[in-house]
Amino acid sequence: MGSIVLLSIIIAVAIALLVVPFTKKGVKEQKAIVNHTAILITTAIFVFIISVVFFYLTKVDLNWTILWPLLIIATLLGSIAASGKEQILKGSLFFISLVIGIYMLSAPLWNANEKYRGAKMNQKVEIEPFDEHETPASVPPKFARNKMKKAFGQVPNTSYYQLGNLQIQKVNGKYVYIAPVEFSGFFKWLKGKVTPGYFIMSATNAADNPKFIKQEMTYTPSSYFQKNLERHIRLANPTKIFYGDPQLEVNDDGKPYYIRTYGTFVSARNGFKASGIVMVDPKTGASKTYSLKHVPDFIDGAVSPEAVSLQNSYFGKYIHGFWNSVFGKRDVKLPTDEGTEANVSPIFDDHGNMYYFTDFTSPKAGVDSMLGYSLTNGKTGKATYYTGNLQESYMDSQGNLQIVEKKFIEKKWKGSMPILYNFYGEASWFTPVLDSNGFLQTYFIVSAANPEISVNAETPNAALKLYKLALQRGDSSLNRSSTSSIKTVSGTVLRVYKEKDDEYTSVSFLLSNHKNFIVSSEVSPLAVYLKEGDKVIVKYLNTGEQFLPVKDMTIKDLNVK
């Protein structure tokens, strides 16, 4: 608060001197001096009060560059009210402040190249194939939020509170959603003083029920006055530039912390580049500042999704400068708005690192072809842009959602949280599907390059299994993948499991070499006769998966393929 008061005093004195004209000496010199002093003091007091209220309520950074509009107004009024040499002096100050204002306002026109350089990404063709032993973060936030609301009876004094924003993260090696309990209004804050805790729920298991964790928090986004989290962070860091909302992160002991991303302007109070976080203990208010290189291990989203979304827009729009982004639009690509958090979707890789996913599409209206996609590390902010197979045309997330909607048009189900994965060497959209009430109904997977290849099932693993069979039947990258060598093995069948897959039968079997295989009757029609004890020769793709896809199979007892 001391910084606000000090800056407000400086502003008040400066504005009063600029606006109030100095009285000319004359016959009534003493009275004129008294009147001038009174006006000067009154103006200073008025500006001081307005400044304190403005900075306290807006929680804006206390850098001098925030004052340029006020300088223009003050010097203009001062030059109008003054006369003689004083008018010339204040007129000159008005001209200087006007130049500063033009510089500030015109920054987006000339710093586009600098924004692009700061957001430029490494480029690759495709992401690494997804490990089928893992389960993708398959629970959409809307569904998780609905379940948490239904579990809100676990919260003491329920009427005081409401559910806060969801945040996905890794806690004790598990991917979970975290949502703080927030105050539902000013008077509820007056009565409650502290919020009781947060909800936690699995991000990979839709059957998991939310659990309420008791952790009292005093400094929260929904608190007021000095207990308001954003104000508390601002008062402790008066000059830092923040971008994005505060986010709740939980360590492996269940202790919650609020974090907020700070950084620097690209130039002239325009643009943003993340450089660190401020972390606050919401119970005590104790805060620490970390650069992105030294962020604590338990924090997954050090760079706010809003900052990532902004960097994506710089990378896509400003490849050839500002004017090209408005008129020619050569090589321009726009990030889509289908993400779950500020137009980006958090996902985790096989090593437990969180990334923000975004796909890019053409600026031309009516085009649903994807131009590429990006993954931005949530802890470091480093991003990679994936072009995809340039010989194929991938549909974007919006095109994927349209396919989902048409697929379930009679049931009025819609897709949520579409993510592009590399399943078995095929770029594929994985989309949870919700009904009109926001409840999870099925999982839909479709090839980004071959939309006719698609499946849906009640669980992610079941959908992946069906998708593998669908790729076997189609002319997919599963069969032409250069990373999976074709091998042949012979042995005795130990176990067999068969299940109907539309008009075909999916056959899974365990061979005497203790490896599992899967084959569709479309690939090997006589596989429907396979039984325990049969001796077989199997040609398969060595993908390293738990169930290896069969390309060809001979059952020796039948002596036919």
Side-chain angles (χ1 to χ4, degrees), residues 115-116 118-128 130 136-138 140-142 166-169 203 243-245 247 261 263 271-274 300-319 325 329 331-349 353-364 367-390 393-402 404 415-422 427-432 446 448-449:
K115 290 176 180 175
Y116 176 75
K120 197 171 182 179
M121 306 178 187
N122 296 324
Q123 293 200 17
K124 294 183 179 180
V125 177
E126 295 280 14
I127 54 177
E128 294 295 322
F130 183 80
S138 53
K142 185 177 180 180
L166 262 68
Q167 170 72 20
I168 191 172
Q169 64 180 105
Y243 197 87
D245 296 327
Q247 299 182 96
T261 304
F272 180 80
K273 181 68 175 179
D300 297 304
V303 182
S304 68
E306 293 89 348
V308 173
S309 184
L310 189 66
Q311 295 298 309
N312 285 335
S313 69
Y314 294 162
F315 175 74
K317 289 172 59 179
Y318 298 139
I319 184 169
S325 71
K329 297 186 178 180
D331 298 326
V332 167
K333 43 191 173 288
L334 301 179
T336 61
D337 57 0
E338 302 300 339
T340 59
E341 296 183 21
N343 298 334
V344 297
S345 294
I347 62 173
F348 288 85
D349 67 7
N353 300 310
M354 193 182 85
Y355 289 84
Y356 292 107
F357 167 81
T358 310
D359 64 308
F360 291 76
T361 190
S362 170
K364 187 176 181 180
V367 176
D368 60 3
S369 178
M370 186 177 68
L371 301 180
Y373 54 99
S374 69
L375 290 177
T376 303
N377 190 297
K379 184 168 291 187
T380 66
K382 294 181 179 179
T384 302
Y385 180 75
Y386 297 87
T387 62
N389 189 334
L390 298 178
S393 178
Y394 292 170
M395 66 177 170
D396 62 16
S397 57
Q398 295 172 346
N400 164 66
L401 292 176
Q402 290 171 6
V404 174
S416 177
M417 196 179 73
I419 301 293
L420 191 73
Y421 286 98
N422 183 343
S428 313
W429 285 106
F430 176 89
T431 310
V446 60

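Interatomic distance, F272 CZ to L310 CG, rounded to the nearest 0.5 Å: 8.5 Å. With values rounded to the nearest 0.5 angstrom, E341 atom CD is found 10.0 Å from S304 atom OG. To the nearest 0.5 Å, the span separating CG on L371 from OG on S393 amounts to 9.0 Å. For the atom pair NZ (K329) and NZ (K317), the distance works out to 9.0 Å, reported to the nearest 0.5 Å. Rounding to the nearest 0.5 Å places CG of D337 at 9.5 Å from OG of S309. F430 contributes atom CZ, which lies 6.5 Å from atom OH of Y421 (distance to the nearest 0.5 angstrom).
Every residue meeting the side-chain contact (heavy atoms from CB on, under 4.5 Å) condition with T340, not counting sequence neighbours, appears here in chain and number order: P141, S345, P346, M417. With sequence neighbours excluded, the residues forming a side-chain contact (heavy atoms from CB on, under 4.5 Å) with Q123 are F315, Y385, T387, listed by chain and number. By the side chain to side chain donor-acceptor pair (under 3.5 Å) test, T358 is found to be paired with N312, residues two or more places apart in sequence or in another chain being considered. Considering only residues two or more places apart in sequence or on other chains, E126 meets the side chain to side chain donor-acceptor pair (under 3.5 Å) condition with Y373, Y394. Residues passing the side chain to side chain donor-acceptor pair (under 3.5 Å) test with D349, sequence neighbours excluded: N353. By the side-chain contact (heavy atoms from CB on, under 4.5 Å) test, S397 is found to be paired with T336, E338, D359, P418, W429, residues two or more places apart in sequence or in another chain being considered. Remark: D245 pairs with E306 by the side-chain contact (heavy atoms from CB on, under 4.5 Å) rule, at least two apart or across chains. Under the side chain to side chain donor-acceptor pair (under 3.5 Å) criterion, N122 pairs with no residue, sequence neighbours left out.
Nearest heavy-atom pair, V125 versus Y386, reported as atom, atom and distance to 0.1 Å: O-CB, 3.7 Å. Contact detail for I319 and V332: the closest heavy-atom pair is CG2-N, 4.4 Å. Closest heavy-atom contact between S369 and T361: O-OG1, 3.3 Å. Closest non-hydrogen pair, Y314 versus Y116, comes out as O-CD1, 3.8 Å. Taking each heavy atom of A274 and T261 in turn, the nearest pair found is CB-CG2, 3.7 Å. Across S416 and L401, no two heavy atoms sit closer than the pair N-CD2, 4.3 Å.
For the pair Q311/V303, no side-chain contact is recorded, criterion being any heavy-atom separation below 4.5 Å from C-beta on. Within the 4.5 Å cutoff, the side chain of V344 has no heavy atoms near those of the T376 side chain. T384 places none of its side-chain heavy atoms less than 4.5 Å from the side chain of Y355. Proximity of I347 to L375: side-chain heavy atoms (C-beta onward) are separated by under 4.5 Å at one or more points.
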